[in-house]
Amino acid sequence: MTTFPFVVSSEPSLFEVSLMHWSDVMAKRLAERGDQHIVATGITPSGEFHIGHLREILTGDMIARAARRAGMDAELVFVVDNADPLRKVYPFLDASYEAFIGHQLGSIPAPDAEGKPDWDRFNNEGWSYGDHFLQPFLEALRQIGVVPRLLPNLEAYRAGKFSKAAKVACDNPHAIREIIERVSGRELPDDWFPWQPLDSKGSLDGTVITDYEYPLVHWTDSHGQSGSSDIEKGEGKLPWRLDWPAKWGFNQITCEPFGKDHGAAGGSYDTGKEIALLFGHEPPAPLTYEWISLKGKGAMSSSSGNTVGPMEALRLVPPEILRFLVANSKPSKAIEFDTGMGLVNLADEYERLTARDFDTEMKDENLSRRKQVQIEDAKVALELSAIHEQEKPSATSISFRHMALLAQIKPNDEDVWASLRDSGGPPEPTPQLEDRLKRMRAWIASEHFPEDMRINICQSPDKEAMEHLNDLQRLVLVHLNETLGEAIWTADGITAAFKAAGQAAEVGMKDVYRACYALFMAAERGPRLAPILANCNRGDILELVNIALET
RNA sequence: GGGCCUGUAGCUCAGUCAGGUAGAGCGUCGGACUUUUAAUCCGAUGGUCGCGGGUUCGAACCCCGUCGGGCCCGCCA
């Protein structure tokens, strides 16, 4: 008998490390700190949001859910970094935005359809640049089952929430400088000061600090103007490396996932955790995650237009599949988002998982440890994929592939439901299924739908496919010309014509279908032909058979 | 220069934290369903765990080195 040194004899705890999903590992870490948690996420609304940003939010959401499942209180918050400045005139912006560079995203007008500043909405409704990009993202979040408490950063500055930290920083610029220089290994300019005042035009760039008398930071700007910035009234902002740890404090953040850029040694989390202590609070438990890139196109980037937006993704993919993508990948794993075949496989894997009974599987005592890990991981990933936290993910029992076929073959939804009914599906379409079909149709209509999945009826006979047919199979075509010509143009009628052609040619149905698939789809096999042909133009199909016979 | 992630079956990846007989899904191939919604079911196929050393009774896993891919250390959150 083999003994495994790693088997501990004590009773299995909820936190049996070897059997944990990544979200549970984080929950365990949080449990060591207490049972009240605020999980933070944060994004700068500088441009179009993309599914890369979804990972940030979903990672946080899943940690919060895991903490709640383990019996803790946990809330998800979303810091909207609208106090950050506009960095440059992005390609989607009009050149007039040049004047706003350095200005805070929450204090400048949103671009209109032509990329020009929309002053009307800005002046009348206060509709800002940040709002413009945030709004659709929030809608996508709602669909995907994430409703975080929003913490707009600019408003936090104006409300004086940064006052305490800003005072500590401005009172101790040398201590801050020491931390940043030592931990990040870079040298700060001599005139560096831990506060960025707004200049005479409202920009955070280009000011020189001339003096500090709490609560005022005195400055001169690039326009030759000078003035004072009150650090308690949001007349400026803390530099990012201080801004972040300051937010941890007054928002009482206990956990925050962030992209790998922040997580690098000497990066902003490293300096942040020391600065947090200086501010007087513990840094949150970190979790570094990898980026999501687009398959074959590299990293996602708003400015290059190389993105799939959350709303676009949701038109194609059911939200639970998007959640599953994140839940099923360890945060350290880079995700390649593939809107083609990868998506089909992902969705079908999801469907297969929903059909499994994990509890029963786990009862098998002969399972290897490895197997147990797999089951546990899959089970938790599936739970986290549910849009609503409490609900069990339900199986549609219709694979993505199958749905893709039906949606292509049947232009009318009713026919799809009828077909499902006939093949043992649900008597009435569930709302979930209707939703699936709607998204599937959008996907098929989009450029993202993989060619491999597309059903194409040949316009003319494919030479190569036809050459592979033997004489017997060719003979079928002769009879097919006749039987099909007389057939009633319905699925049943066409099926009957196939049979009749087979009988006339005295060959088995296998050869009939071989011949048909070669002719109609240039393939050896395929989806059931008759219903597809029934939806095609009769004249075109007969013409196709004719041409084939002539050549 | 410093650091992080990553390399396992044709593909996507588990497994590395706590060393104990290389795993899953997809794909491919074959069969069944007396023929079909790329379906389903069964079976088969498949890997010098990037490479080289070391530690060990035993290494995908730990240590050292090396090669390849991605990335960060410039307030770009």
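Here the structure is a predicted model, which means the values were calculated and not measured. Reminder, nothing fancy here: chain letters follow the sequence lines and each chain counts from 1.
- A close approach under 4.0 Å does not occur between any side-chain nitrogen or oxygen of A/K28 and OP1 or OP2 of B/C17.
- Across B/C17 and B/C29, the matching C1' atoms stand 39 Å from one another, rounded to whole Å.
- A residue-by-residue look at A/L188 and A/K260 shows that A/K260 has its nearest nucleotide of RNA chain B further toward the 5' end.
- Residues meeting the side-chain contact (heavy atoms from CB on, under 4.5 Å) test with A/Y517, sequence neighbours left out: A/Y513, A/M521, A/L529.
- Rounding to whole angstrom units, CG of residue A/L353 and C1' of B/G25 are separated by 9 Å.
- Counting non-hydrogen atoms under 4.0 angstrom, A/R514 reaches nothing in the nucleic acid.
- Comparing the P positions of B/C5 and B/G52 gives a spacing of 24 Å, expressed to the nearest Å.
- Spacing between atom CZ of A/F498 and atom C1' of B/U35 amounts to 12 Å, rounded to whole angstrom units.
- Along RNA chain B, the nucleotide nearest to A/F193 and the one nearest to A/L529 differ in position, and the one closer to the 5' end is contacted by A/L529.
- Each of B/A14, B/A38, B/U35 was ranked by its minimum atom distance to the side chain of A/Y513; first place goes to B/U35.
- With sequence neighbours excluded, the residues that form a side-chain contact (heavy atoms from CB on, under 4.5 Å) with A/E178 are A/R182.
- A/W240 and A/W244 have parallel rings, their planes meeting at less than 30° on a 0 to 90° scale where 60° marks the start of perpendicular.
- Separating the C1' atom of B/G54 from that of B/C61 is a span of 15 Å, rounded to the nearest Å.
- In this pair, A/H53 and A/F137 present their aromatic rings perpendicular. The plane angle is above 60°, beyond the 30 to 60° band.
- For the P atoms, the distance from B/C49 to B/G10 is 13 Å, rounded to whole Å.
- Between A/F258 and A/H262, the angle of the ring planes goes over 60°, which puts this pair in the perpendicular group of the 30/60° scheme.
- Here, B/C26 and B/A9 have their C1' atoms 11 Å apart, quoted to the whole Å.
- Using a 4.0 Å heavy-atom cutoff across all strands shown, A/Y517 reaches at least one base atom of the nucleic acid.
- Counting non-hydrogen atoms under 4.0 angstrom, A/P239 reaches a base of the nucleic acid.
- Remark: A/R528 is in phosphate contact with B/U36, judged by side-chain N or O atoms under 4.0 Å from OP1 or OP2.
- The nearest whole Å value for the distance from the CG atom in A/L325 to the P atom in B/U12 is 15 Å.
- Protein atom CZ of A/F520 is 18 Å distant from nucleotide atom P of B/A38, rounded to whole Å.
- Using a 3.5 Å distance cut-off with no hydrogens or angles, the side chains of A/N535 and A/D415 do not pair a donor with an acceptor.
- Rounded to whole Å, atom C1' of B/G70 lies 15 Å from atom CD1 of A/I292.
- Distance check on atom P: B/G68 versus B/U28 gives 35 Å, rounded to whole Å.
- Nearest to the side-chain atoms of A/S419 among the listed nucleotides B/U37, B/G74, B/G7 stands B/U37.
- In this structure, A/F520 and A/F498 have tilted ring planes: the angle between them lies in the 30° to 60° band.
- Separating the P atom of B/G7 from that of B/C51 is a span of 13 Å, rounded to the nearest Å.
- When the C1' atom of B/U36 is taken as reference, atom CG of A/L533 falls 14 Å away, rounded to whole Å.
- B/A14 and B/U6 are spaced 15 Å apart, taking the C1' atom of each and rounding to whole Å.
- For A/K333, whose side chain is taken as the heavy atoms from C-beta onward, the closest listed nucleotide among B/C13, B/A38, B/C5 is B/C13.
- When the side-chain nitrogen and oxygen atoms of A/K330 are compared with OP1 and OP2 of B/U6, none of them lie within a distance under 4.0 Å.
- Judged by Watson-Crick or G-U wobble contacts below 3.5 Å, the nucleotide B/G1 has B/C73 as its partner.
- For B/U40, the paired base is B/A32 (Watson-Crick or G-U wobble, both distances below 3.5 Å).
- Computed from coordinates, the A/I457 CD1 to B/U37 C1' distance equals 13 Å when rounded to whole Å.
- At whole-Å resolution of the value, CD1 in A/I335 and P in B/A14 are 10 Å apart.
- When distances run from any side-chain atom of A/L405 to the nucleotides B/C26, B/G70, B/A38, the shortest one goes to B/A38.
- Residue A/S332 has a polar side-chain atom (N or O) positioned under 4.0 Å from OP1 or OP2 of B/U6.
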